[in-house]
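Working notes for the structure below.
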Number of protein chains: 2
Amino acid sequence: MTDVKAELISVGTELLLGQIVNTNAAWISEQLADKGISVYYHSVVGDNFNRLADVFREAGKRSDLVFITGGLGPTEDDLTREAFQHISGVQIEADQGTLDKMEAFFAKNNRTMTPNNRKQAQVFEGSKVLHNSVGIAPGIIVDYNKTIWVFMPGVPREMKAIMTEEVLPYLKDTLALEAVIKSRMLRFIGIGESQLEYNLRDLISNQTNPTIAPLASEGEVALRLTAKAESYQEAEQLIEQTEVKIKKQVGQYLYAYDNVHIEKKVFELLKQNHLTIASAESLTGGAFASKVVDQGGVSAIFNGAAVVYHPFSKTSALRIDDELITTYGTISKECAESMARQVKKIYQSKLGISFTGVAGPDELENQPVGTVYISICDQNDQLFTERYQFNGDRQEIRNRAVKKAFELLFYLLKK
Amino acid sequence: MTDVKAELISVGTELLLGQIVNTNAAWISEQLADKGISVYYHSVVGDNFNRLADVFREAGKRSDLVFITGGLGPTEDDLTREAFQHISGVQIEADQGTLDKMEAFFAKNNRTMTPNNRKQAQVFEGSKVLHNSVGIAPGIIVDYNKTIWVFMPGVPREMKAIMTEEVLPYLKDTLALEAVIKSRMLRFIGIGESQLEYNLRDLISNQTNPTIAPLASEGEVALRLTAKAESYQEAEQLIEQTEVKIKKQVGQYLYAYDNVHIEKKVFELLKQNHLTIASAESLTGGAFASKVVDQGGVSAIFNGAAVVYHPFSKTSALRIDDELITTYGTISKECAESMARQVKKIYQSKLGISFTGVAGPDELENQPVGTVYISICDQNDQLFTERYQFNGDRQEIRNRAVKKAFELLFYLLKK
């Protein structure tokens, strides 16, 4: 089967009230895109029998593959099964395997199973029951009127487990997806999205296999190359060829592939070079340190941080010269450099990095909001200091400063 | 007009590819819920003429109010206007006001306006043009076949500006929303969602005006009370009466209202009590400090932090007794208390708070992943220390520790 038309239906009044954001739809779409399955519609509908039935009917007419999440719970509000039975005539029946699993669960927890709970074991006649490895309610796949219907719980963790462990392998077999789909993400830093797209404009607009999709997030850009081919080798080769062309234009900004973010890349470079680091943070307030610690196993490279948000902590905790602060102020190259040197000394690390600046909302020491100094003191006590003027609100300025620090470290360490 | 049926259509292939999450739909839904307008459907559709036309046609049949975001840009892919013209016969025309604004913008930036750019000035015959205070492309409102159609750009910042400044005031006048809608958010900490819902189960299920909607996020629960009435006073009174009933059951966990989060509440309590704080952070790695600094103007209460992730930084930067660490280990009550005392001393604050524990992925000093000690050293050098066993991955454990610290500070300071 080629060119499968898929659509997603998310069931839940809380989505329509704006109480939760529909992250399920984005996640499922991404998984399907990776497998070369095209999604043409997302819908959200509340827990209402008639509206559910209408949306299901429409989906059955226009799609080969319909994913429905939510509305499978134990309460009276959960009407997904009933609405599907109504439009299809496919009967609802209890799944003994799930009932056994539930009974064991309740017995173990010394609780009594109520009739409500039993509802979660309901599937469709002739359906494939999908094992839920992280919860109770199973997923269900049923073929009806030339469309494959996939039902999953709305809880993201359960949906993701069922999708990964059960649905995607099933679809791979059943749809006999003839082409191999391979993706590679190229990650860039130090170049803006518009500049990257401009430099690659001919390549991006003429390229069909692999496709080149630019993805931007705060301070970074990525390109996702997705190739379709008859074999894994051929797909790999197509990606390689395009990557070579991309590197010719913007190779100097490429820092890593796939799931390796800049924080991880810097961590790896520090480790490879047997270096340790400590940070002295004023406006960032520990955000750089926290980003480093987000990764596990960083003891080898991260000695710690002094968060010296208050001016007098710069002297008390970092032992910076009072006179230096009086002469140059805390928002200065001199203060940044002293902070980097001192934190390196006190935390006994090989590198020290410092942040001082004005996150806002008000200006400070006559310097405008967005002024940020970042200084790095390296293993030879050489100082690299940069002054930036960032845009954005308080939070954005702090995030940009942290991201910029990883960029500076990357370019310093990759030499 | 009462019981307006609204629906939202988001246009954009990047949503169907899962490259971005549809936060616009949640945000618009929340705004409409606050005004008492019910949203019955969300749809996402790509930049495809026929599919757009189909979705628009269906929406026109079932809804009184249709919001369409995206597909109004300058490129050939942007087909929202054309698809609506196709299903309605309403003609597209240029808006001179927008053209003038665009010409001024391009002249100022020394750029030439291309025919493509002009497309963004296109509106519908007889439509209301909605001023975009943060971008170029205007929003559009058009009445067609008993339905109000609202078109807005997909860029969240622009959509939000147009919605707030133009659309909501227009709807208030046009739909003559007869009732006053008033919301109040009650924020709780120290009680789980299921416990809160259980304690209030009768109230929640029998209550219709105001409605009571529980909202849970990491470590906190909130209840949104929404009252509809003929007058502001009456709505206020309805909320007051319900709040009294809620407080009878769970009042001891209530910490603030509306947009005041626990971090802000603790900040206010510290300020009122003329107290300052400093943190010593091992597993949290500066995440507590960063949360404090997220808020502006915290110099008055926050002296700084020592991120002592590496064992030897506990002795070098916090000057903790080597012997204490050898005897008790770093994951211990004794170490936590020494950290709180020392950070208070070195950062010259009135309170010191410390975090030490095992964020994972591996156990540490024979203590399981999730073990966390939090210690507070108060202005009288009295120590309050708690040991927790948190669930979750590395990131969750660290977030839970930080949230718990704010909870402990809240209960300590409100006395």
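Chain identifiers are assigned alphabetically (A, B, ...) following the order of the sequence lines, protein sequences preceding nucleic acid strands; residue numbering begins at 1 within each chain.
Looking at heavy atoms from C-beta onward, A:Val55 lies in side-chain contact with B:Tyr41 at the 4.5 angstrom threshold. Side-chain contact between A:Glu30 and B:Leu17 is absent, with no heavy atoms from C-beta onward closer than 4.5 Å. Contact of the B:Ser290 side chain with the A:Arg398 side chain is registered, since non-hydrogen atoms from C-beta on lie closer than 4.5 Å.
Among residues at least two apart or in separate chains, there is no salt bridge (charged side-chain N to carboxylate O under 4.0 Å, His left out) pair with a member in residues 300-313 of chain B.
For chain A, no part of B:Leu32 is nearby; none of its heavy atoms comes within less than 4.5 Å. Contacts between B:Phe312 and chain A at a heavy-atom distance below 4.5 Å involve the side chain alone, from C-beta outward. At a 4.5 Å heavy-atom cutoff, A:Ile9 makes no contact with chain B through either its backbone or its side chain. Neither the backbone nor the side chain of B:Gln31 comes within less than 4.5 Å of any heavy atom of chain A. Interface residue B:Arg51: backbone and side-chain heavy atoms are both found under 4.5 Å from chain A. Contact of B:Leu8 with chain A is not made at all, since no heavy-atom distance falls under 4.5 Å.
A:Lys344 meets the salt bridge (charged side-chain N to carboxylate O under 4.0 Å, His left out) test with A:Asp381; sequence neighbours excluded.
Of the listed residues (B:Ser38, B:Ala278, B:Ala317), the one with the most heavy-atom contacts under 4.5 Å to chain A is B:Ala317. Contacts with chain B were tallied for A:Ala289, A:Ala287, A:Ser299; A:Ser299 has the most, counting heavy-atom pairs under 4.5 Å. With chain A as partner, the option from B:Thr13, B:Val343, B:Ile20, B:Val298 having the largest number of non-hydrogen pairs under 4.5 angstrom is B:Val298. Per-residue heavy-atom pair counts under 4.5 Å with chain A were compared for B:Gly296, B:Ala25, B:Gly360, and the maximum is reached by B:Gly296. In terms of heavy-atom pairs under 4.5 Å with chain A, the best-connected choice from B:Val39, B:Leu16, B:Val21 is B:Leu16. By number of non-hydrogen pairs under 4.5 angstrom with chain B, the leading residue of A:Gly18, A:Ser313, A:Ser282 is A:Gly18. The candidate with the highest count of non-hydrogen atom pairs below 4.5 Å against chain B, out of A:Ala33, A:Ser43, A:Ala213, is A:Ser43.
The distance from atom CG of A:Asn22 to atom OG1 of B:Thr23, rounded to the nearest 0.5 Å, is 11.0 Å. If you take OG on B:Ser29 and CD on A:Glu14, they are separated by 11.5 Å, rounding to the nearest 0.5 Å.
Identified by a heavy-atom distance below 4.5 Å to chain B, the contributing residues of residues 345-357 of chain A are A:Ile346, A:Tyr347, A:Gln348, in residue-number order. Taking non-hydrogen atoms and a 4.5 Å limit, the residue list of residues 303-310 of chain A in contact with chain B, ordered by number, reads A:Asn303, A:Gly304, A:Ala305, A:Ala306, A:Val307, A:Val308, A:Tyr309, A:His310.
Under 4.0 Å is where a charged nitrogen must lie from a carboxylate oxygen, and between B:Asp294 and A:Arg394 no such pair does.
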